[in-house]
Amino acid sequence: MNNRRRCEPNRALARAFVRNARAFHEMGQAAWNRSGGSTAYYLAIAIELGLKAYLVHRGIADQWNHIHLRHDLTKALRCARMAGLKDIPEGIQEMVEVLSPLYASGALSRGVDGPSEPLPSEVAERAIRALLDNVEAFTGDDGRDCRWRTSQLR
């Protein structure tokens with residue numbers, strides 16, 4: 001098992017994480033539209049996958065993320081910022097602060113009643129969509145090599 005933190009950027013895994021994050025985001029929207037109920041679990045997964053997509057694209061090994069970040073959204077956001085993620089959408093920090101302890105402990109996955117939604121659903125939806133758009137633009141999810149974009153970000 002490789003516990004090295006830095007490795008070659010894994011663009012394919014980053015793209016897969018972004019696609020999966022969008023799918024969980026959409027599941028959360030569908031659950032909210034269907035029942036008006038809590039979508040906290042889906043929101044947490046979408047945020048986690050979006051942040052980890054950025055990290056693996058920046059060369060942070062997925063195995064390192066698995067061992068050291070696990071499902072801690074606070075750590076993942078901090079690591080993504082340290083790795084250079086800029087322009088964190090308004091609302092992401094607030095959602096992370098509320099959801100991280102419940103998500104990391106497994107309470108959300110066990111169906112334990114979470115908090116009321118950390119933000120109104122429309123605001124949370126826009127914040128997560130903007131986060132995933134930012135990560136997707138950086139990782140070049142259009143299938144092209146994104147080195148040309150990273151040079152423009154500096």
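Numbers for residues simply follow the sequence, beginning at 1. All values derive from a computational prediction rather than experimental measurement.
Across R70 and H66, no two heavy atoms sit closer than the pair CG-O, 3.2 Å. A127 and E90 make their closest contact through CB-O, 3.4 Å (heavy atoms, listed as atom of the first residue, atom of the second, distance). Taking every heavy atom of both residues into account, A53 and T139 meet most closely at O-CG2, 4.1 Å. Contact detail for A83 and L55: the closest heavy-atom pair is CB-CD2, 4.0 Å. When all heavy atoms of A44 and L108 are compared, the closest pair comes out as CB-CD1, 4.2 Å. The two atoms that bring L102 and V98 nearest to each other are CD1-O, 4.2 Å, heavy atoms only.
Residues I92 and M95 meet the side-chain proximity criterion, which asks for heavy atoms closer than 4.5 Å. Q29 has its side chain out of reach of T39: every pair of non-hydrogen atoms, C-beta onward, lies at least 4.5 Å apart. Residues N10 and D62 fail the side-chain proximity criterion, which asks for heavy atoms closer than 4.5 Å.
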I would like to know whether V135 and F17 meet side-chain contact (heavy atoms from CB on, under 4.5 Å); could you show each step before the answer? CA-CA 10 Å; V135 171; F17 279 179; over 6 Å; no
Start with the C-alpha gap between L77 and Q93, add the side-chain angles, then the distance that decides, and say whether side-chain contact (heavy atoms from CB on, under 4.5 Å) holds. CA-CA 8 Å; L77 181 57; Q93 181 68 45; 3.2 Å; yes
Please assess S100 against D72 for the test side-chain contact (heavy atoms from CB on, under 4.5 Å), listing each intermediate value before the final yes or no. CA-CA 6 Å; S100 188; D72 189 325; 3.2 Å; yes
Evaluate the criterion side-chain contact (heavy atoms from CB on, under 4.5 Å) for residue pair Y103 and I45; output intermediate values, then yes/no. CA-CA 9 Å; Y103 185 56; I45 294 171; 3.4 Å; yes
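If you take CG on L132 and CG on L49, they are separated by 9.0 Å, rounding to the nearest 0.5 Å. Distance check: N20 CG to E48 CD gives 11.0 Å after rounding to the nearest 0.5 Å. Between the CD atom of E125 and the CG atom of L43 there is a distance of 10.0 Å, given to the nearest 0.5 Å. Note that the CZ atom of R78 and the CG atom of L69 stand 9.0 Å from one another [nearest 0.5 Å]. To the nearest 0.5 angstrom, L51 atom CG is 5.5 Å from L131 atom CG. Atom CZ of residue R58 and atom SG of residue C7 lie 12.5 Å apart, to the nearest 0.5 angstrom.
Panel note: side chain R129, backbone A124; no donor-acceptor pair is recorded below 3.5 Å. Of the possible polar contacts, one joining the N134 side chain to the D87 backbone as a donor-acceptor pair under 3.5 Å is found. When atom types are taken as modelled, the side chain of S109 and the backbone of G106 share a donor-acceptor pair closer than 3.5 angstrom. In this structure, the side chain of E94 engages the main chain of G91 through a donor-acceptor pair within 3.5 Å.
In summary, of the residues considered (R15, R22, R19), a salt bridge (Lys or Arg N to Asp or Glu O under 4.0 Å) with E136 occurs for R22 alone.
Aromatic rings of H25 and Y42 (six-membered ring for Trp) have centroids beyond the 6.0 Å cut-off, not under it.
Of the charged side-chain nitrogens involved, none lies within less than 4.0 Å of a carboxylate oxygen, so that E122 and R126 do not count as a salt-bridged pair.
Note on ring orientation: taking the six-membered ring where Trp is involved, the planes of F138 and Y54 are tilted (angle from 30° to 60°).
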